[in-house]
Amino acid sequence: MARSVTTSRKTMTTLFAGTLGLLIFFPVLWIVILSFKSEGDAIKAPLEVLFSTGWTAESYSAVQARSDYPKHFLNSVVIAFGSTLLGLLIAIPAAWAMAFVPAKRTKHVLMWMLSTKMLPPVGVLIPIYLIYRDLGILDSRIGLVFVLMMINLPIIIWMLFTYFREIPGEVLEAARMDGASLREEIIHVLAPMAIPGMASTALLNIILAWNEAFWTLNLTSAKAAPLTAFIASYSSPEGLFYAKLSAASVMAIAPILVLGWFSQKQLVRGLTFGAVK
Amino acid sequence: MATNASRAAARLMISPAVVLLLGWMLVPLGLTLYFSFLRYNLITPGANPFIGWENYYWFLTDPSFKAAMINTLLLVGGVLLITVIGGTMMALLLDQPMWGQGVIRIMVIAPFFVMPTVSGLVWKNMFMNPVNGIFGHLALGLGMEPLSFFSEIPLLSIIFIVSWQWLPFATLILLTALQSLDQEQLEAAEMDGATWVSRFIHVMLPHLARAITVVILIQTIFLLSIFAEILVTTNGGPGTSTTNLTYLIYVSSLLQFDVGMGSAGGVIAIILANIVAIFLMRMIGKNLDA
């Protein structure tokens with residue numbers, strides 16, 4: 001039985017929660033507004049900014065022109081998607097085997113994999129940096145793809161494992177009894193049940209890799225710098241730059257904001273390693 | 001029922017992941033440990049002699065280590081306090097019936113998806129800049145002196161920015177946990193005449209305890225490694241007032257090129273993180289049995 005709530009109380013809750021939500025969201029909203037203002041307008045008092053009538057997209061073209069924005073965007077895409085795909089390629093068989101052919105040690109293996117995620121990145125920064133320098137892959141996309149794949153691999157395996165574990169094994173046996181070949185079993189029975197889990201795992205991992213800002217800042221300088229590092233170049237101010245910084249920021253976070261909103265549920269499962277569902 | 005053949009296949013399927021993770025863990029870890037006992041500076045080429053615990057000695061007795069430890073504790077503790085209390089309140093609020101809950105939820109979650117360098121720079125420039133920032137304009141409007149955030153309350157400013165990023169995470173997880181609470185239990189308590197406060201303390205809080213623990217442990221792992229927000233706002237300063245352990249190690253290894261010293265710091269960071277990790281692993285391990 002649903003609890004009945006008076007309309008006035010519901011209105012009050014909505015107003016209160018809406019105001020709080022808007023306050024939390026405000027910085028994001030604000031940079032969207034500033035990004036369409038001229039540099040001169042962008043540093044005015046908030047109300048003046050809001051009611052200044054000039055709207056312009058010139059900051060967006062200025063950002064593109066000034067710093068080779070498309071290159072950094074492409075780097076982010078390659079690094080985020082590359083590390084995710086590579087991670088899935090290695091994690092899917094592993095998670096699969098652990099979910100469907102569990103052995104006595106499976107639990108220990110899983111826990112151990114998780115423990116590698118606890119390693120603070122700064123603890124292994126120096127060796128990775130020196131190895132990369134010697135291999136000549138500092139500031140290279142391939143180097144970052146590998147590092148980000150490694151730091152997120154435990155999360156990918158765990159997430160896939162929790163999804164695969166929910167697929168009932170009986171279904172497989174039933175299919176086998178009906179004379180399905182292994183190939184048919186995989187294509188017609190397993191894949192439809194496993195794909196949603198794999199998709200949400202990929203989604204969460206793309207978000208994590210896109211926003212990763214320790215390795216991307218420390219292992220790149222110019223050539224392979226993704227958006228996290230590109231934005232960091234605005235930390236030394238030059239003249240008026242609020243509108244340009246806003247435009248660059250909006251372009252950097254917009255794609256992932258959209259993906260993130262779709263993945264709220266998976267986020268909880270993935271980041272708590274299945275401890276909260 | 002697994003046959004021997006399928007077991008062998010399973011091992012084969014797991015092995016690439018195991019080999020990679022093992023290498024990822026052992027090689028850098030071993031090297032960090034090894035470097036930490038050497039006099040090894042990238043600026044002074046030549047032999048790198050073994051010097052025992054000397055790096056540890058200098059790292060641990062350096063006043064900036066003590067400062068960094070305190071800053072790390074304050075940063076992690078402050079953000080945890082704000083996000084856990086704030087997140088619980090947000091979750092309770094969002095669990096109430098209201099219109100447009102989906103939209104409000106989306107707005108609350110958004111900061112989590114903003115990359116660290118963007119949130120650092122946006123707060124620093126558009127909000128906390130004493131001349132052009134919104135807070136500065138607000139203070140002037142109210143007839144007050146604008147606050148110069150990063151020179152007067154640098155660490156608090158960073159705690160604030162990081163809390164903004166992590167509040168959504170706590171809210172989302174606690175909300176998920178809250179929604180799995182048995183509604184009948186709450187209604188029974190309500191019929192027995194329990195007030196909202198006692199319902200919260202005796203029914204909701206025990207149910208949330210586990211989720212809160214998970215939030216604390218996972219956030220701690222990430223918060224110990226806060227880096228980008230400091231790099232783009234204060235560079236660890238003024239002085240060492242916003243230098244945390246991660247940033248201190250970054251400074252000694254990549255800015256001062258002191259591989260030995262940085263590695264000694266790295267080993268200490270690993271030990272600290274492991275203490276947290278042990279608790280987290282226990283929590284998750286329990287869940288695996290269930």
Side-chain angles (χ1 to χ4, degrees), chain A residues 5 10 13-14 17-18 21-22 24-25 27-28 30-31 43 45-46 90-91 93-94 96-97 101 107 111 113 115-116 118-128 150 153 157 207 211 213-214 217 228 231-232 234-235 242 245 249 252-253 256-257 260-261 264 268 271-276, chain B residues 2 6-7 10 13-14 16-17 21 24-25 28 31-32 35 93-94 96-99 104 106-110 113-118 121-122 125-126 132 134 137 172-173 176-177 211 214 218 221 224-225 227-228 232 246 249 253 259 262-263 266 269-270 273 277 281 283-285 287-288:
Chain A
V5 176
K10 203 170 163 182
T13 322
T14 308
L22 204 59
I24 292 174
F25 185 67
V28 178
W30 192 242
I31 56 173
I43 55 162
I90 293 161
W96 191 275
V101 198
K107 187 189 157 185
M111 292 310 288
M113 286 179 168
S115 74
T116 62
M118 311 290 167
L119 203 64
V122 75
V124 292
L125 169 65
I126 295 169
I128 299 293
M150 287 313 299
L153 191 58
I157 293 178
I207 294 171
N211 287 341
F214 180 80
L217 287 173
T228 43
I231 297 288
Y234 279 92
S235 58
Y242 281 16
L245 171 59
S249 299
I253 65 175
I256 235 56
L257 217 48
W261 284 333
Q264 297 173 31
V268 173
L271 285 178
T272 63
F273 301 96
V276 175
Chain B
S6 68
R7 280 208 191 291
M13 287 160 87
I14 301 173
L21 282 170
W24 172 251
M25 195 174 71
L31 283 172
T32 301
F35 292 153
L93 180 63
L94 290 179
Q96 304 293 315
M98 67 181 78
W99 286 288
I104 296 175
I106 280 178
M107 291 198 296
V108 171
I109 289 165
F113 301 115
V114 176
M115 53 177 67
T117 43
V118 166
L121 284 177
V122 166
N125 291 300
M126 280 75 154
N132 296 325
I134 285 190
H137 284 299
L172 196 60
I173 286 180
T176 310
V214 170
I218 289 175
I221 297 285
L224 282 173
S225 301
F227 173 76
V232 299
T246 300
I249 298 168
S253 45
V259 171
S263 298
I270 291 170
M281 303 277 285
M283 291 279 307
I284 294 169
N287 186 64
L288 207 57

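Everything numeric in this text was worked out from a predicted model, so none of it was measured.
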**Asked** Got a second to check how far A/Y234's OH is from B/N125's CG, nearest 0.5 Å?
**Response** 11.5 Å

**Request:** Go through the atoms of A/I231 and report whether side chain, backbone, both or neither lie under 4.5 Å from a heavy atom of chain B.
**Result:** both

**Item:** Atom group of A/I157 that falls short of 4.5 Å from chain B, counting heavy atoms
**Value:** side chain

**Item:** Atom of B/A10, atom of A/V101 and distance for their closest heavy-atom approach
**Value:** CB-CB, 3.9 Å

**Fill in**
To the nearest 0.5 Å, atom CD1 of B/I106 lies from atom CZ of B/F113 at 10.0 Å

**Fill in**
What one should report as the nearest heavy-atom pair of B/S225 and B/T246 is CA-OG1, 3.5 Å

**Message:** Show the nearest heavy-atom pair for residues A/P127 and B/T32, with the distance to one decimal.
**Reply:** CG-OG1, 3.0 Å

**Nearest-0.5 Å distance, CE of residue B/M13 to CH2 of residue A/W96** = 7.5 Å

**Options A/P93, A/G21, A/A97, ranked by heavy-atom pairs under 4.5 Å with chain B, top entry** = A/P93

**Message:** Counting heavy-atom pairs closer than 4.5 Å to chain A, which one of B/V232, B/L224, B/L121, B/V122 comes out on top?
**Reply:** B/L121

**Fill in**
Ranked by heavy-atom pairs below 4.5 Å to chain A, first place among B/V214, B/I14, B/L21 goes to B/L21

**Asked** Contact part of A/A91 toward chain B, heavy-atom cut-off under 4.5 Å: side chain, backbone, both or neither?
**Response** neither

**Asked** So which part of A/I43 gets closer than 4.5 Å to some heavy atom of chain B, the side chain, the backbone, both or neither?
**Response** both

**Item:** Leading residue by heavy atom contact count with chain B [cutoff under 4.5 Å; candidates A/P27, A/A252, A/P121, A/A213]
**Value:** A/P27

**Item:** chain A contact via B/I218 - which portion, at a heavy-atom distance below 4.5 Å
**Value:** side chain

**Message:** Using only atom types and a distance under 3.5 Å, with no angle test, would you say the side chain of A/T228 pairs donor to acceptor with the backbone of B/T117?
**Reply:** no

**Request:** Output the option from B/I249, B/L93, B/V108, B/I221 having the highest count of non-hydrogen pairs under 4.5 Å with chain A.
**Result:** B/L93

**Message:** I'd like to verify something: which residue of B/M98, B/H137, B/M25 has the highest number of heavy-atom pairs under 4.5 Å with chain A?
**Reply:** B/H137

**Request:** Among B/G262, B/A273, B/A110, single out the residue with the greatest number of heavy-atom pairs under 4.5 Å to chain A.
**Result:** B/A110

**Item:** B/V118, part contacting chain A, at a heavy-atom distance under 4.5 Å
**Value:** both

**Option that, when pairs with chain A are counted at under 4.5 Å, heavy atom only, ranks first among B/L94, B/I109, B/I270** = B/I270

**Request:** Over all heavy atoms of both residues, which pair between B/A17 and A/M113 is shortest? Give the atoms and the distance, please.
**Result:** CB-CE, 4.0 Å

**Asked** With no hydrogens and no angle check, is any side-chain donor or acceptor of A/T14 less than 3.5 Å from a backbone partner on B/W99?
**Response** yes

**Message:** Using 0.5 Å steps for rounding, measure from the CZ atom of B/F227 to the CG atom of A/L217.
**Reply:** 6.0 Å

**Asked** Non-hydrogen atoms of chain B under 4.5 Å away: do they reach the side chain of A/L119, the backbone, both or neither?
**Response** side chain

